[in-house]
Q: 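Have a look at the structure that comes next, please.
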Protein chains: 2
Amino acid sequence: METRKVAVMQKLLKANDAVADELRRQLREKDIFFVNLMSSPGSGKTTLVEETVRRLGKRIKVIEGDIQTTLDAERLQKLGIQAFQINTGPFGGDCHLEAAWVRTAVDELGLDGMDFLFVENIGNLVCPAEFDVGAHLNVLLLSVTEGEDKPLKYPLAFQVSPLCLVTKTDFLPLKNFSLNKLRENIKKVNPACAVIEVSAHSGAGMDSWITILKNRPNFQG
Amino acid sequence: METRKVAVMQKLLKANDAVADELRRQLREKDIFFVNLMSSPGSGKTTLVEETVRRLGKRIKVIEGDIQTTLDAERLQKLGIQAFQINTGPFGGDCHLEAAWVRTAVDELGLDGMDFLFVENIGNLVCPAEFDVGAHLNVLLLSVTEGEDKPLKYPLAFQVSPLCLVTKTDFLPLKNFSLNKLRENIKKVNPACAVIEVSAHSGAGMDSWITILKNRPNFQG
């Protein structure tokens with residue numbers, strides 16, 4: 001029974017990876033850098049994208065993953081950018097995005113007029129890490145209010161992400177949170193993970209984030 | 001394909017529900033009140049349980065669900081209570097607990113010497129809501145740093161929970177967060193959900209929480 005389950009899962013993941021690879025290749029050909037943002041609910045993905053658009057300009061399109069509601073897409077459309085909402089609610093409330101759904105959303109959005117594509121994955125530190133959506137860069141967001149132990153508890157999410165943004169650092173004065181401990185725990189599960197601290201609220205660290213985006217790590221495969 | 005997937009899922013859920021119902025019945029017979037805590041990663045489940053033990057005494061056993069690590073069980077064992085860790089990592093990193101795993105953990109812990117059983121489900125607002133673990137009361141924790149929109153985005157988690165604890169209210173002075181808006185959003189998806197605000201840090205609201213536990217809502221089925 002368990003073996004059967006694993007075999008079916010491997011087949012699904014293999015099909016997903018083929019779609020993801022093709023999407024990644026096609027976007028690179030069009031010179032579009034694709035970033036997949038993953039985090040717990042409420043770690044600040046949409047706020048980060050809003051601040052990124054303010055600093056990097058409007059040649060950004062965004063695909064929003066949520067079980068329900070179009071709240072986040074509406075927030076971004078107010079900035080004058082194109083945002084496409086994927087709601088997984090009608091399909092069993094799926095807890096992650098798969099490459100085929102992102103593919104469909106990209107086809108709807110079109111490839112013109114963008115230098116960057118962002119996906120905000122479903123707020124969840126578990127399942128999204130298992131599915132390659134075709135991004136050139138996976139970025140893990142973790143807010144300081146979530147605690148330093150999360151890399152140890154959700155290692156896969158950190159292992160598939162070359163970059164971790166520690167968000168909401170404006171809360172640090174009020175919170176018993178050790179950035180050193182968090183960095184140590186990230187290194188334990190993914191020694192190669194780059195860590196930067198940001199606050200969309202105060203603007204701290206946003207320059208480093210924008211510089212990384214402009215440098216397009218992993219873009220050439 | 002989609003129909004097939006739904007049919008298999010329904011069969012799995014039906015088997016899960018039978019185990020859950022039997023566990024619920026057995027614990028009621030032994031006069032043990034079983035509470036299932038669900039939340040995003042880092043919303044404060046373990047801290048709440050620690051403070052609950054300090055106020056309610058040691059006749060509490062806890063089952064900890066995590067993908068990896070025994071960190072939370074170790075935190076609780078320091079208080080002198082029995083805690084059993086379920087790690088789903090070896091089983092594909094499952095993102096929720098199922099009734100059969102809780103059943104096994106209860107058998108390991110034994111039914112003697114406890115008035116309350118707590119399960120800390122995997123930190124995730126999506127999948128745990130789909131699986132009845134046999135609790136008499138599902139409690140949803142949401143920290144104020146996660147934002148007021150979460151009930152609309154993750155409605156099922158709020159719909160299966162008769163009680164929502166709004167945690168980390170000590171952050172409110174620093175956070176642009178409207179408790180009224182959150183209460184409105186919870187009412188939209190679950191008008192029957194009771195909402196109380198707590199801070200394990202300052203102790204605010206903890207008396208109400210302990211009173212609810214002593215009243216054992218839904219215990220008589």
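Both backbone and side-chain heavy atoms feed into the values below; hydrogens, waters and symmetry mates do not. Labels below follow one simple rule: chain letters A, B, ... track the order of the sequence lines, proteins then strands, and each chain is numbered from 1.
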Q: Please identify, among A/Pro41, A/Ser40, A/Gly123, A/Gly147, the residue contributing the most non-hydrogen atom pairs under 4.5 Å to chain B.
A: A/Pro41
Q: Going by heavy atoms in the side chains, are B/Leu125 and A/Asn124 under 4.5 Å from each other?
A: no
Q: Tell me, side chain or backbone of A/Leu71 under 4.5 Å from chain B's heavy atoms, or both, or neither?
A: side chain
Q: Using every non-hydrogen atom in the two residues, find where B/Gly42 and A/Lys150 come nearest and quote the distance to one decimal.
A: N-CE, 3.2 Å
Q: Just give me the residue among A/Asp170, A/Asn176, A/Asp72 that pairs up with chain B most often, heavy atom to heavy atom, under 4.5 Å.
A: A/Asp72
Q: Quick check for you: to the nearest 0.5 Å, what is the distance between A/Glu130 atom CD and B/Cys95 atom SG?
A: 7.5 Å
Q: With a 6.0 Å cut-off (strictly less than), is the heavy-atom count around NZ of B/Lys58, excluding the residue itself, greater than 12?
A: no
Q: Relative to chain A, which segment of B/Thr145 carries a heavy atom at a distance below 4.5 Å: side chain, backbone, both, or neither?
A: both
Q: Quick one: OG1 on B/Thr69 to CG on A/Asp149, what's the gap to the nearest 0.5 Å?
A: 7.0 Å
Q: So what's closer than 4.5 Å to chain A heavy atoms on B/Lys153: side chain, backbone, both or neither?
A: both
